[in-house]
Amino acid sequence: MIRIHNSLTGQKQELKPVEPGHVRMYSCGITVYDYFHVGNARMLVVFDMVSRYLRHRGYRVTYVRNITDVDDKIINRAREAGIDWRAHAKKFTDAMHEDLAALGCLPPEKEPKASEYIDEMLTMIGQLIDNGYAYQASNGDVMYDVHKFAPYGKLSGKKLDDLRAGARVEVDTAKRDPLDFVLWKSAKPGEPAWPSRWGDGRPGWHIECSAMSTKELGEHFDIHGGGLDLKFPHHENEIAQTCGATGGKFAEIWMHNGFLNIDNEKMSKSLGNFFTTREVLAKIKHPEVLRFFLLSSHYRGPMNYSPDQLEQAEAGLTRLYTALRGVPEEMPAGVQLTPGSATTAFNESMDDDFNTPEAIAVLQGLARELNTAKSSGAGNAALANTAGELRALAGVLGILRVPAEQWFRGGAAEGALSDADIDARIAARLAARKAKNWAESDRIRDELAAAKVILEDKAGGVTTWRRA
RNA sequence: GGCUAGGUGGCAGAAUGGUUAUGCAGCGGCCUGCAAAGCCGUCUAUGCCGGUUCGAUUCCGACCCUAGCCUCCA
C-alpha cells in the first residue's frame with residue numbers, strides 16, 4: 001500500500017488510482033525563459049522518482065509534465081534578445097531536455113506546450129464565463145471571479161479575507177476583487193496574440209495548466225505535483241478553473257516538493273543566490289551526484305544547497321559504486337534475480353510517502369553486505385544476486401546507472417594522464433614491488449597521486465586505480 | 001498582521017512512547033611492505049519550560065528561533 005501526503009488534507013492517504021492499476025499524474029514543468037536552476041532540478045528529479053517508483057510497483061503510469069512557452073518572462077527575454085519568442089522558447093526547451101537527460105529524468109508520456117493548447121484554454125474560459133465564474137473586465141482582460149468559487153483557498157488553507165488583508169497587490173480597478181486573476185490578457189502591441197471571442201489576446205499562466213492537464217488526463221486524475229511555491233496561487237487557481245469549468249473532481253492528491261535553499265534562504269533571481277543546473281553539472285564529477293544529493297533528503301522538506309553537500313553526496317554515491325566494483329555488471333546468463341529482504345525494506349520505505357533517505361540507507365546496507373562478502377573472499381556467483389539487487393533498487397531512484405569501473409576511471413581532467421600511461425606506471429611499480437624496492441614503488445604511487453590517480457593494491461598482486 | 005512548515009550528534013539526514021537509521025568526518029583495531037579501499041569496534045544528539053505517562057526526542061500546552069506563503073517563482 002502506497003501512502004502519499006496530500007497537500008489538500010495535510011495527511012497521508014492511500015494511493016487508489018481512479019482507474020485501477022493506472023496512475024495518471026501531472027506536474028507543472030518549467031517556464032522556458034532561461035536555463036533552469038537547481039531548485040527546478042529538485043522538482044524535476046522528485047517527480048521523475050515518483051513516476052519511476054510507481055512503475056516499479058507495477059502501476060501503469062501516465063506522467064504529463066508541461067512546458068510553459070507562452071509567458072511574460074519569455075516575451076520580455078525574447079524582446080531583449082531581439083528574437084522571436086518562439087525561437088527563444090525553443091532554445092531553452094532544447095537546453096532543458098539536455099539537462100534533464102543528464103539528470104537521468106525519463107521523458108514523460110506527454111510534454112504539452114502551452115502554445116499548442118490555446119483552443120482548449122479558450123474553451124475552458126468560455127465554460128467559466130457560461131458557468132458564472134469569469135467576467136470580462138473593462139480593460140478587455142477576462143478575469144476569474146474568486147468570490148464565485150466557494151472552496152477557493154482550500155488547498156493553501158487561506159481565507160479570502162485573510163488574503164486580502166495581506167494583499168500587497170496593486171489596486172487594479174479593472175478587477176472586481178484584488179484577488180481575481182487573469183484568464184485571458186487582451187493583446188498588446190508586439191506581443192503574441194491569438195484571436196478569441198473576447199478579442200485578440202493571450203492566456204494567463206494559470207489557465208494553461210488547467211487546460212493541458214484536463215486535455216491530457218481528463219477531469220479527474222490521481223496526482224498533481226509541483227514546487228511548494230506553486231501551491232498558492234497557481235494550484236489554487238487551477239482548482240478554481242478546472243472545477244469551475246468542468247465540475248470535475250480534478251486531482252485526488254496534490255504533492256508539493258520543498259525548496260532547495262542557499263544559506264537557508266530560498267534561491268531567487270532577485271536575491272541573486274541561485275545556480276543553474278547547467279553550471280552545477282559542469283562542476284561535479286557526474287550528473288548522478290546532483291541527483292543523489294537531491295534524493296538524499298525527503299522531498300517535502302527544505303534542503304540546503306552547497307558545494308560541501310555535493311561533496312558529501314559524491315562520497316556517499318562512491319561508497320555504493322565501490323561495493324559494485326569488480327562484480328560483473330550483468331547477472332550470469334540464465335540466472336534470475338531473486339529479490340531479498342532489502343527489496344522489501346526498500347519498498348516499505350518508499351511506500352511511505354517516498355522516503356528516499358531511508359531507501360538509500362537500505363542501499364547502503366546492501367553495499368556493506370557486498371563489501372563484507374568480498375572481503376571474506378566470496379566469488380562472483382555469490383555476489384551476483386546482491387549486486388543485482390543493489391543495481392535494480394538504485395535504478396528505481398535513477399542512480400548507479402554507470403558501470404562501476406567507468407565511475408572510478410572517468411572524469412579525467414584536461415591534460416591528465418591517459419589510461420595507458422597509468423597502466424604503464426603501475427606495471428613499473430609492480431616490478432619495483434616484486435624487487436621489494438619500496439622507495440621506487442612509493443615514488444611511483446606518489447607521482448600518480450599528484451596526478452589525482454589513487455592506487456589500490458589488491459590481493460594476488462593486482463593493482464586497481466581510480467581518479468580522485 | 002494572517003497562514004504553513006520546521007528546530008535531532010562535528011556535518012548531512014531518517015525514525016521512534018522504552019532497546020536510539022544511514023552516509024561523511026573522528027578515534028581504536030584487523031588487513032597492507034607502507035598506504036588506499038574494505039571489515040570490526042567506538043565517541044558526540046533530539047531548541048527552552050511545563051504537562052500527560054511507570055517512562056517522551058516522540059503526545060499536549062506555552063515560549064524562543066528559523067524558513068516559506070499571503071506578489072512572478074519548482
Side-chain angles (χ1 to χ4, degrees), chain A residues 7 10 27-31 33 36-47 68 71-73 153 156-159 161-170 178-179 205 225-234 236 256-261 263-270 274 292-293 296-298 300-304 306 308-309 311-320 322-323 325-326 345 349 352 355-365 367-368 370-376 408 433 436-439 441-442 445-446 449 454-459 463-466 468:
Chain A
S7 299
S27 77
C28 294
I30 65 175
T31 302
Y33 70 103
F36 64 86
H37 60 61
V38 216
N40 295 302
R42 184 178 188 193
M43 168 260 148
L44 295 163
V45 166
V46 162
F47 290 101
T68 299
D71 173 87
D72 289 351
K73 286 198 281 282
S156 49
K158 296 177 189 305
K159 298 187 184 77
D161 288 340
D162 293 341
L163 284 168
R164 217 168 284 116
R168 282 172 276 166
V169 287
E170 302 258 327
L179 298 171
W205 175 43
L228 191 56
D229 47 354
L230 260 40
K231 196 172 183 181
F232 187 92
H234 184 57
E236 197 71 70
H256 292 100
N257 64 276
F259 291 122
L260 186 62
N261 298 321
D263 297 331
N264 290 314
E265 283 187 325
K266 178 181 168 179
M267 57 173 83
S268 77
K269 304 261 169 173
S270 55
F274 69 95
F292 184 81
F293 163 69
S296 66
S297 78
H298 188 89
R300 274 193 287 123
M303 67 189 300
N304 240 331
S306 76
D308 184 56
Q309 305 251 43
E311 276 176 36
Q312 281 203 21
E314 186 186 322
L317 194 51
T318 294
R319 180 178 162 79
L320 257 22
T322 300
R325 259 190 126 176
S349 296
D352 183 15
N355 195 332
T356 52
E358 229 175 36
I360 288 172
V362 172
L363 263 35
Q364 294 289 3
R368 169 155 309 193
L370 276 174
N371 286 332
T372 303
K374 278 200 279 191
S375 65
S376 66
F408 289 101
R433 292 186 72 211
K436 296 204 189 301
N437 184 350
W438 307 128
S441 163
D442 291 350
R445 184 169 62 195
D446 291 345
I454 313 285
L455 298 190
E456 295 167 343
D457 295 332
K458 297 284 158 63
T463 297
T464 59
W465 61 272
R466 63 190 161 90

Open item on the list: If I pick the C1' atom on C49(B) and the same atom on G7(B), what distance separates them, to the nearest angstrom?
Closed with: 16 Å

Task: Partner set under side chain to side chain contact (heavy atoms under 4.5 Å, CB included) for Asp229(A), not counting sequence neighbours - done: Phe259(A), Lys266(A)

Task: RNA chain B stem ranges, 3 or more consecutive Watson-Crick or G-U pairs under 3.5 angstrom - done: B:1-7 with B:64-70, B:10-12 with B:22-24, B:26-30 with B:38-42, B:49-51 with B:59-61

- [ ] Applying salt bridge (charged side-chain N to carboxylate O under 4.0 Å, His left out), name anything that partners Asp446(A), two or more places apart in sequence or on another chain.
- [x] none

Task: Heavy-atom donor-acceptor pair, Lys158(A) side-chain to C69(B) base, under 3.5 Å - done: yes

Open item on the list: Applying a 4.0 Å non-hydrogen cut-off, can you work out what Leu363(A) is touching in the nucleic acid: base, sugar-phosphate, or nothing?
Closed with: nothing

- [ ] Quick one: label Gly39(A) by what it contacts on the DNA or RNA (base, sugar-phosphate, nothing), any heavy atom closer than 4.0 Å.
- [x] base

Open item on the list: Test of understanding: with salt bridge (charged side-chain N to carboxylate O under 4.0 Å, His left out), list the residues that count as partners of Lys436(A), not counting sequence neighbours.
Closed with: none

Task: Any residue meeting salt bridge (charged side-chain N to carboxylate O under 4.0 Å, His left out) with Arg42(A), in chain and number order, not counting sequence neighbours - done: none

TODO: Taking atom C1' in both A14(B) and C30(B), compute the distance separating them and give it to the nearest angstrom.
DONE: 31 Å

Open item on the list: So for Arg42(A) and A74(B), does any side-chain atom that can act as donor or acceptor lie under 3.5 Å from a complementary atom in the base?
Closed with: no

Open item on the list: Strictly below 4.0 Å: does Asn355(A) bring a side-chain N or O up to OP1 or OP2 of A15(B)?
Closed with: yes

Task: Near-parallel close stack of Phe36(A) and A74(B) base (under 5.5 Å, under 30°) - done: no

Open item on the list: With hydrogens left out and only the distance checked, is there a donor-acceptor pair under 3.5 Å joining Asp442(A)'s side chain and the base of G33(B)?
Closed with: yes

TODO: Identify, with sequence neighbours excluded, every residue that meets salt bridge (charged side-chain N to carboxylate O under 4.0 Å, His left out) alongside Glu265(A).
DONE: none

TODO: List in chain and number order the residues that pass side chain to side chain contact (heavy atoms under 4.5 Å, CB included) with Asn304(A), two or more places apart in sequence or in another chain; answer none if no residue qualifies.
DONE: Asn261(A), Asn264(A), Gln309(A)

TODO: Using a 4.0 Å cut-off on protein heavy atoms (strictly under), produce a 5'-to-3' string for nucleotides 23-32 of chain B with B for base contact, S for backbone-only sugar-phosphate contact, and - for none.
DONE: BS--------

Task: Partners meeting side chain to side chain contact (heavy atoms under 4.5 Å, CB included) with Asn40(A) (sequence neighbours left out) - done: Ile30(A), Phe36(A), His37(A)

